[in-house]
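For reference, the structure is listed below as structure tokens.
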Amino acid sequence: MASQTLVPDLSTTIAGVRFPLCFMNASGARCVTRAELEALGRSTSGAIVTKSMTREPRVGNPEPRYFAFADGSINSMGLPNLGYHAYAELIPSLKAFGKPVIASIAGLCEDDFPDIAGTISKAAPDLIEVNLSCPNIPGKPQIGYDFDASERVIRKVRAVVDRPFGVKLPPYFDPAHHAAMAGVLQRAPVDFLSLINSVGNALVIDPERESVVIKPKGGFGGLGGAMIKPVALANIRAFWNAFQGRIPIIGVGGIGSGTDVFEHLLAGASAVQIGTALMEEGLPVFDRLGQELATVFAKKGYHGVESAVGRLKEL
Ligand code: SIN
């Protein structure tokens with residue numbers, strides 16, 4: 001009898017929403033304009049994630065505002081986006097691509113969040129991702145580092161949406177801060193977590209030019225790419241442990257290969273988002289990651305995403 005090759009199942013489920021593939025763009029990477037969002041729809045991305053939308057359209061921070069280097073990237077985009085009304089109009093047509101649409105929302109003040117979320121919810125995206133962690137708006141601290149403000153925003157959003165929603169958090173670097181945010185999420189539950197946003201307010205220097213590499217904020221910006229993967233994995237694991245896997249996690253940070261996806265799954269992510277690698281490689285990155293993840297699964301005997309989630313061994 002011929003031996004049968006088992007094709008690994010790369011689909012996943014987050015908050016009751018089925019994703020045909022477990023990887024998708026991170027909010028911010030090639031997802032501002034209608035053309036970019038439709039290209040994601042035609043690609044093998046497992047979902048379409050919008051740029052974080054604000055109340056008003058924004059051109060964002062002055063350029064250069066993104067710079068890639070060997071181990072990662074730094075950005076200070078400043079939330080360039082079309083404004084939430086434009087995305088509310090776009091969402092129904094994006095859903096025609098037959099994959100989940102995730103609307104990412106961001107506020108410049110606390111009351112922006114429920115206002116945007118209420119309108120966007122009516123446009124019926126599959127999920128709403130509430131961005132509590134943009135590090136790049138001068139004078140606006142990341143809400144996710146203010147636990148009381150985070151709880152207020154989550155409660156306000158919960159009161160106005162009828163779609164599943166989650167929060168995109170900044171990286172935390174101390175167990176006390178993981179515990180504090182876990183406490184917030186116990187009191188004010190969400191349907192999923194996106195972990196992590198860029199490692200904010202870093203500084204990359206070009207020694208040849210003796211210069212910063214991006215213009216906004218004197219060169220300070222959010223780090224992404226390979227160098228932040230251990231930080232992303234630690235945050236995924238900490239929140240996976242805190243909730244024993246009860247809140248699904250979308251892992252973000254440092255994914256450039258199928259093995260990186262596998263590590264995020266082991267730590268506790270049920271899906272992953274791709275930022276720097278998508279910026280650098282373009283849409284074909286999704287084909288490559290799919291092939292590489294299938295190869296990892298086949299080699300290690302995993303039948304699919306769900307069998308790998310949270311399976312990290314401790315010593
Ligand atoms: C930006 O637009 O500055 C990046 C968004 C983010 O990090 O949340």
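One is the number of the first residue; the rest follow in order along the sequence. Whatever order the structure lists them in is the order used to number ligands and atoms, beginning at 1.
Ring orientation note: the planes of Phe239 and Tyr172 are tilted relative to one another, at an angle of 30° to 60°.
Formation of a donor-acceptor pair under 3.5 Å by the Arg237 side chain with backbone atoms of Leu233 is not found in this model.
Outside the 6.0 Å centre-distance limit, the rings of Phe192 and Phe165 are not counted as a close aromatic pair.
Looking at Asn81 and Thr54, their side chains do bring a donor and an acceptor atom within 3.5 Å of each other. Checked by atom type, the side-chain pair Ser194/Glu129 shows a donor-acceptor distance below 3.5 Å. With hydrogens and angles left out, the side-chain atoms of His178 and Asn235 include a donor and acceptor closer than 3.5 Å.
With a 4.0 Å cut-off on non-hydrogen atoms, Asn61 does not touch ligand 1 at all. Heavy atoms of Lys51 found under 4.0 angstrom from ligand 1 belong exclusively to the side chain. Contact annotation: for Ile137 versus ligand 1, there are no heavy atoms closer than 4.0 Å. Heavy atoms from both the backbone and the side chain of Leu79 come within less than 4.0 Å of ligand 1.
Below 4.0 Å from some heavy atom of Asn131 lie the following atoms of ligand 1, by number and element: 6 (C), 8 (O). Atoms of ligand 1 lying under 4.0 Å from at least one heavy atom of Asn136, given by number and element, are 1 (C), 3 (O), 4 (C). Atoms of ligand 1 found under 4.0 Å from any heavy atom of Gly78, numbered from 1 in the order shown, are 1 (C), 2 (O), 3 (O). Shown in contact with Pro135 at under 4.0 Å from a heavy atom are these atoms of ligand 1, numbered in order with element: 7 (O).
With respect to the salt-bridge test (charged N to carboxylate O, under 4.0 angstrom), the residues Lys215 and Glu63 do not qualify.
For ligand 1, the polar-atom distance check against Ser76 finds no nitrogen or oxygen pair separated by under 3.5 Å. Where the criterion is an N or O separation shorter than 3.5 Å, residue side chain and backbone included, Asn197 meets it with respect to ligand 1.
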